[in-house]
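So the structure is just underneath, and the comments pick up after that.
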Amino acid sequence: MKLILCGKGGCGKSTIATLLARSYAADGKQVLVVDSDESNFGLHRQLGLELPEDFTHYFGHKKGIYADGAADVFEGGWHLSDIPAEYSSVDGNIRLMAIGKIHDAGEGCACAMGSLNRIFLEHLVLEEGDVCIVDTEAGVEHFGRGVDKFADAILMVADPSYESIMLTDKITEMAETFGKPVYIVLNKVDADQEAVMRETIRNSDKIIAALPADKGILAAGLKGEALTAELPEVDAIKAALTN
C-alpha cells in the first residue's frame with residue numbers, strides 16, 4: 001500500500017506517519033517512510049533515525065533529475081531492496097528516505113524534489129504486505145505536481161482549526177480527480193473540538209479516527225525525541241485503510 005499523508009502545516013502529519021510506521025512494523029510488515037517535505041527536519045527524530053542523504057544527490061544535483069532523465073533510472077520498477085543503502089536509514093522493519101531538503105538560502109526552489117517524488121512513487125513496486133508512507137509538505141502543491149496520482153489512498157490530517165476544516169474539502173476534491181480514496185484523521189482534538197469538526201466538515205463520513213492531544217507525544221515532539229507512544233486510535237486508522 002502506498003499511503004500519502006497531507007494537511008496544513010503543524011497538523012501532525014509527521015506524528016501520524018511515525019505512529020503508523022511503528023504500528024505496521026510491529027505487525028511484521030516492511031515499512032518505507034518517504035520524507036518529501038523539503039522544509040521539515042523533524043520526521044527522522046520522531047522515528048529515532050538519522051536523517052539520510054538527500055535522494056536528489058543520487059542524481060548528482062537537482063538539475064540532474066531533469067537532464068539525466070530520472071525516470072530512466074527506475075525503468076522496470078524499484079523494490080525496497082533497490083534503494084541504495086547510503087540514501088536511507090533503517091531500524092528493524094522501518095526504512096526512511098528523504099527526497100530532498102532546502103539546506104541553503106538562495107539554492108533555488110523545490111521543483112526537482114517534487115518531480116523526483118512523483119517519479120519514484122510511480123515506479124516503486126511493493127511486495128504484498130509492504131507499506132509506503134509518504135509525509136508531504138504542507139498544503140496541496142503535491143497534488144498540483146501529480147504525486148498523489150500514484151498513491152493507493154490519501155490520509156488527510158486535520159487539527160482543530162478553520163484552515164484544516166476548509167482544506168479537507170479541497171483535498172477531497174483533488175483526490176477525486178485522481179480517483180483516490182480519502183480518509184480524514186482528526187488530530188490533537190478534545191471531545192468538544194471533535195464534535196464541532198464532525199458537524200462542520202462537509203465530508204465528515206470520511207473521518208476514520210480522532211486522536212487526542214497526547215502530552216507524551218507533544219513533549220517528545222518539542223524535545224525532538226523519538227515517539228514511543230502507542231495510541232489505540234492508530235488501530236482504527238489501519239482497520240479503515242484495510243477495508
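- The CZ atom of Phe150 sits 8.5 Å away from the NZ atom of Lys2 when rounded to the nearest 0.5 Å.
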Pair Asp148-His142, side chain to side chain donor-acceptor pair (under 3.5 Å): steps then yes or no: CA-CA 7 Å; Asp148 303 76; His142 47 94; 2.8 Å; yes
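- For Glu194, the salt bridge (charged side-chain N to carboxylate O under 4.0 Å, His left out) partners two or more places apart in sequence, or in a different chain, are Arg198.
- Evaluated for a side chain to side chain contact (heavy atoms under 4.5 Å, CB included) with Ile133, the options Val34, Leu155, Leu20 yield exactly one hit, Leu20.
- Figure legend: cation-pi geometry between Lys238 and Tyr24, with NZ or CZ positioned under 6.0 Å from the six-membered ring centre and within 45° of its axis.
- With respect to His79, the side chain to side chain contact (heavy atoms under 4.5 Å, CB included) criterion is satisfied by exactly one of Val125, Leu124, Asp130: Val125.
- At a cut-off of 3.5 Å, with distance as the only test, no side-chain donor of Glu199 or Ser204 sits close to an acceptor on the other residue.
- Sorted by first and then second residue, the pairs that involve residues 80-91 and meet side-chain hydrogen bond (donor to acceptor under 3.5 Å, both in side chains), not counting sequence neighbours, are Ser88-Arg95.
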Return a table of donor-acceptor pairs under 3.5 angstrom between the side chains of residues 214-234 and protein atoms on other chains or two or more places apart.
from   : atom 1 : to     : atom 2 : distance (Å)
Asp214 : OD1    : Gly216 : N      : 3.0
Asp214 : OD1    : Ile217 : N      : 2.9

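- When all heavy atoms of Pro52 and Leu96 are compared, the pair lying nearest together is CG-O, 3.6 Å.
- With Thr18 contributing its side chain and Ser14 its backbone, the two residues share a donor-acceptor pair below 3.5 Å.
- Below 30°, between 30° and 60°, or above 60°: for Phe74 and Trp78 the angle between ring planes is above 60°, a perpendicular geometry.
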